[in-house]
Each structure stands twice: as C-alpha cells, then as structure tokens.
Number of protein chains: 2
Amino acid sequence: MVTFNDSKPTIDVLCPTRRGLSLLSNQWTLLVLGALHKGTLRFSELQTIIEGISKKMLTQTLRDLERNGLIKRVVYPVIPPMVEYSLTPLGETIIEPIWAFRDWSEEHIEEVERAREEYDRRSRLPLQEQTAALVQQRAHEASEL
Amino acid sequence: MVTFNDSKPTIDVLCPTRRGLSLLSNQWTLLVLGALHKGTLRFSELQTIIEGISKKMLTQTLRDLERNGLIKRVVYPVIPPMVEYSLTPLGETIIEPIWAFRDWSEEHIEEVERAREEYDRRSRLPLQEQTAALVQQRAHEASEL
DNA sequence: CGGGATCCAACATGATACTG
DNA sequence: CAGTATCATGTTGGATCCCG
C-alpha cells in the first residue's frame, strides 16, 4: 500500500496529510511556528527574527495561524500598539514534526545540494559525455562498497 | 533562543531549515516521496495514486526530486516507453519526518478545522457580539478545567 | 507511455503609502 | 507599533497540443 490514509490505494485529496499540507501553503508558516516555540513574541520581534519576511506576509501568516487555532493573538490597548503572539496548546503539538524536519535538514541538506550541483554540472555536458560521467559515477559508487 | 541554527538569535536565510524548506516548494513533493516509500512506481502509476496531480506538475516534481538526489529515474528503452521511479538512500531518510507530519495531521487536523470554522463564524458577527462570543468561549474553556 | 512546448489565468508576494 | 489598502510584478499551475 502506498496510501496516506491506510484505506485506499490512492492518496486522496481529502486525506489528513493533504489537509494538513494546506497549512504550510506559504514558506513562512513553519518558520513562524518555530520562532514562537520558546514563548511569546511581539510582531516586530518576529519580523526581526525571521530574516527577510515582509510585514505583509508576516501579518498574513499570523492571521492564518490564528485562524487555524495554532497561535494566540493578544492585543494590549496601549499607545503605541503592542501585540503578542504565542503558541496555543494545539500549536505546541506541531513543534515536534517541525523539529523532525529541521533535524533532517541539518543532517542531509548538504548532500542534497551536492547532488543538485552534480546534476546541473552533468546536464551542461553533451550527451556522449553524460554517459561517460554516469559510468564514472557508477565506478565511484562501487568503490565505496 | 529562537534560532533554527543555534548560532544566532535570528532565523537566517541560509540556515539548513530554510534551505530544506525550499525542497517542498510545491505541494506535491511530499506526496510523491510518500508514494514512493513502498518501492518503485511508474510515472502513470504515480499519476493514478496521487489524486489530482497534472502530468506537468508530476513531471516537474519528479525532475526536482531527481535533481536533488532524493529519487532515482530509470528509463527502459522499450516501446511504448517505461520509466520507473524509486527513492535513493538519501530519499529514504526523509520519509521519517514526512511520517511525523502525516501522523500529526491525522491526529490534529480536525481540531484545526474546527478552530477555523469557529474563527470564520465569529468573524461574521458584528463587533459587539464578537466580544460576547469570546466571553462564552472563555467560560467554555474554564468549564473544561 | 512519458514526456516537452506553449499559452494563459490565477495567485502569491514585494513595494509603497496611509492610519489609529 | 502593528497593521490595512493598493498597485505592480513575478510565479504557478492547468489546459492543450505535439512528439518519439
């Protein structure tokens, strides 16, 4: 079986995994959740911590996370405004999978990037040399065993 | 510390997590990897299994995964063509984080969806009633303790 | 069968300006 | 400070047609 829901041999549009995947529709979501892991942060603190995020995307990401019940938003009626964000209990539960992915990235991302460079290098060669490069590669792999 | 790389108090653009995140740039990547977990599959099998994916996106996703060294592509010189895809050893390593996310989704996605409906329902109310709804909510939470 | 090439609509996102 | 609104642009992905 290759299913994600252990009931059909297809990966159904409505299986939990795909519904969950929709939460990570933008690349910032996971980073915001990760940043909030240690506790409460203000809007401006998040924007400082998450390098490169625009105000617009941070706002939008925070709204989505709040809407999905993963974070809590607290507005203090002061001037200038102050808004604090923190994980809800539900939000805390998603930290573990995020850490799993972070750990995988730290351990394997460089191998991925090496593979990518190798692929790109090879794709710039004429066809005949590609075959030769592959033979080389196989010989290299064999020598590692 | 809220960092993802345990070196700076920011989530750096080049930290492993963000470089890893770029692998999941499209929503199909994770599903394709999951589908290949049990073994080799042909292009057409993948398209059948992953409900809703277009030929174009499947092709593109498979190319990216191959480029990143996560899957292997084997072309059999027959007519009609036959192409088989399978995980590389590197690709196998990413299955565990994927399963972590799948398990989280199965366990928590319904709570997320309930929160979302609640949020949407509440946002359709006039402001005064929103406050009342929040008071209700707090009372409900308190009764659960 | 497993693509590649092209066109086009929808969406995502950055920049900028404005506000309580 | 923490947003919202608007505009401009780039990217994505589906549909379609073609090919060996």
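Being a predicted model, the structure only gives us computed values, none of them experimental. A, B, ... follow the sequence lines: proteins, then strands. Residue 1 opens every chain.
Each of A:Lys56 and A:Pro81 was assigned the nucleotide of DNA chain D with the nearest heavy atom; the assignment lying further toward the 5' end belongs to A:Pro81. The residue among B:Pro80 and A:Ser25 whose nearest nucleotide of DNA chain C lies closer to the 5′ end is B:Pro80.
The two atoms that bring B:Leu87 and B:Glu92 nearest to each other are CD1-OE1, 3.9 Å, heavy atoms only. Between B:Thr10 and A:Thr48, the shortest heavy-atom contact is CG2-O, 4.0 Å.
OP1 or OP2 of D:dG14 has at least one side-chain nitrogen or oxygen of B:Ser54 nearer than 4.0 Å. Phosphate proximity of D:dC1 to A:Arg42: absent, as no side-chain N or O sits under 4.0 Å from OP1 or OP2. OP1 or OP2 of C:dG2 has not a single side-chain nitrogen or oxygen of B:Arg73 nearer than 4.0 Å.
The distance from atom CD of B:Gln60 to atom C1' of D:dG13 is 8 Å, rounded to the nearest whole Å. Here the P atom of nucleotide D:dC1 and the CE atom of A:Met82 are 12 Å apart, to the nearest Å. To the nearest angstrom, C1' of D:dT11 lies 12 Å from CD of A:Gln27. Put simply, CG on B:Leu41 is 15 Å from C1' on C:dC1, counting in whole angstrom units. We find that NZ of B:Lys55 is positioned 12 Å from P of D:dA15, with the value rounded to whole Å. Remark: P of C:dC11 and CE of A:Met57 are 15 Å apart, rounded to the nearest angstrom. One atom, OH of A:Tyr85, and another, P of D:dA2, lie 8 Å apart when rounded to the nearest Å. Between the CG atom of B:Leu62 and the P atom of C:dG4 there is a distance of 10 Å, given to the nearest Å.
The side chain of A:Ser44 sits closest to D:dC1 out of D:dG14, D:dC1, D:dG3. Taking the side chain of A:Arg63 as heavy atoms from C-beta on, and the options D:dT4, D:dG13, C:dG14, the nearest nucleotide is D:dT4. Listed candidates were D:dG13, C:dC1, D:dA2. Nearest to the side chain of A:Phe43 is D:dA2.
Using a 4.0 Å cut-off between a side-chain N of Lys or Arg and a carboxylate O of Asp or Glu, B:Asp12 and B:Arg18 do not qualify as a salt bridge. For the pair A:Glu118 and A:Arg122, the salt-bridge criterion is met [side-chain N within less than 4.0 Å of a carboxylate O].
The environment of B:Glu96 atom CD is sparse: at most 12 non-hydrogen atoms of other residues, nucleotides or ligands sit within 6.0 angstrom.
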